[in-house]
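Predicted model, so just to flag it, every value in this text is computed and none were measured. Below, all heavy atoms of this structure are taken into account, side chains as well, without hydrogens, waters or symmetry copies.
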Amino acid sequence: MKKKRGHYCKVCGEYKANEKFSGRGHAAHICKACASLPPEKKAEMMAVNRLLNLPWRLSKEQLAWLRNRTKDRRPEVRALAQHIYEMRFPPRERFVYEEDWEDKLDFLEDAFDEDTSDELE
């Protein structure tokens with residue numbers, strides 16, 4: 001695999017050339033274009049980028065962070081986090097098949113009654 005050139009910007013999620021980073025941007029992993037964004041927009045982009053790059057197996061901290069993002073005040077982050085959470089942890093279907101269970105039990109009772117009626121005769 002070819003080595004990536006430049007640095008990774010953790011806000012926009014892209015690899016960019018060294019010239020695209022300021023002196024302090026190298027250490028913070030934030031390019032010049034993203035550094036000029038308002039803090040709210042930077043935080044939102046970082047959260048979306050982190051959500052998209054989550055590993056399949058989550059640690060306890062990552063799972064807690066994902067659950068917190070499902071209640072985020074930013075609608076884009078909240079919607080993406082809910083989608084990812086539901087994709088990884090699908091909701092369990094409730095047992096609404098009570099009638100089916102009763103039918104199965106009735107079938108078993110009928111079979112049991114037939115067996116015992118043969119024995120009684």
Side-chain angles (χ1 to χ4, degrees):
M1 187 167 136
K2 187 177 175 182
K3 184 178 176 183
K4 305 247 185 205
R5 300 237 178 211
H7 289 276
Y8 178 77
C9 176
K10 64 182 181 181
V11 177
C12 61
E14 297 177 4
Y15 282 92
K16 295 188 176 182
N18 291 336
E19 294 82 22
K20 299 289 181 179
F21 290 83
S22 67
R24 295 177 64 193
H26 285 282
H29 299 283
I30 299 175
C31 66
K32 291 178 185 177
C34 294
S36 65
L37 294 173
E40 299 85 24
K41 184 68 176 169
K42 270 196 281 193
E44 181 179 351
M45 288 176 67
M46 286 175 67
V48 168
N49 191 21
R50 186 171 172 190
L51 282 168
L52 293 174
N53 292 325
L54 278 175
W56 186 251
R57 290 187 172 262
L58 300 175
S59 67
K60 290 179 183 178
E61 293 81 18
Q62 290 169 332
L63 183 58
W65 182 84
L66 178 59
R67 283 188 186 137
N68 288 337
R69 294 296 74 81
T70 60
K71 300 170 191 139
D72 202 287
R73 61 179 171 78
R74 300 167 291 205
E76 183 180 325
V77 174
R78 181 177 50 237
L80 181 62
Q82 287 172 347
H83 176 72
I84 290 173
Y85 188 83
E86 288 173 2
M87 186 176 65
R88 291 174 185 226
F89 306 103
R92 293 183 183 173
E93 294 183 23
R94 304 233 182 240
F95 288 106
V96 291
Y97 306 109
E98 293 175 9
E99 296 169 1
D100 292 342
W101 284 102
E102 290 173 2
D103 292 342
K104 288 179 184 177
L105 292 176
D106 290 341
F107 173 76
L108 291 175
E109 288 175 5
D110 293 340
F112 183 71
D113 289 340
E114 289 174 6
D115 291 340
T116 56
S117 63
D118 292 337
E119 293 174 5
L120 294 176
E121 295 177 1

When you look at NZ of Lys16, are more than 12 heavy atoms from neighbouring residues, nucleotides or ligands closer to it than 6.0 Å? yes
Nearest 0.5 Å, please: how far is CZ in Phe21 from SG in Cys34? 8.0 Å
Kindly list each side-chain donor-acceptor pair under 3.5 angstrom involving residues 45-54, sequence neighbours excluded, with atom names and distances?
unit_1, atom_1, unit_2, atom_2, d
Asn49, OD1, Asn53, ND2, 2.9
Asn49, ND2, Tyr8, OH, 3.1
Asn49, ND2, Lys10, O, 3.1
Asn53, ND2, Tyr8, OH, 3.4
Asn53, ND2, Asn49, O, 3.1

Does Phe89 share a hydrophobic cluster with Leu80, counting links as ILVMFWY side-chain heavy atoms below 4.5 Å and allowing steps through other members? yes
To the nearest 0.5 Å, atom CD of Glu19 lies from atom NE2 of His7 at 9.5 Å
Cys9 versus Cys31, closest heavy-atom pair with distance: SG-N, 3.5 Å
Distance-only donor-acceptor hits, side chain of residues 63-72, under 3.5 Å, sequence neighbours excluded:
unit_1, atom_1, unit_2, atom_2, d
Arg67, NE, Tyr85, OH, 3.3
Asn68, ND2, Ala64, O, 3.3
Arg69, NE, Asp72, OD2, 3.0
Thr70, OG1, Arg67, O, 2.4
Asp72, OD1, Arg74, N, 2.9
Asp72, OD1, Arg74, NE, 3.0
Asp72, OD2, Arg74, NH2, 3.0

Run the side-chain contact (heavy atoms from CB on, under 4.5 Å) test against Pro55 and tell me which residues pass, sequence neighbours left out. Leu58, Gln62
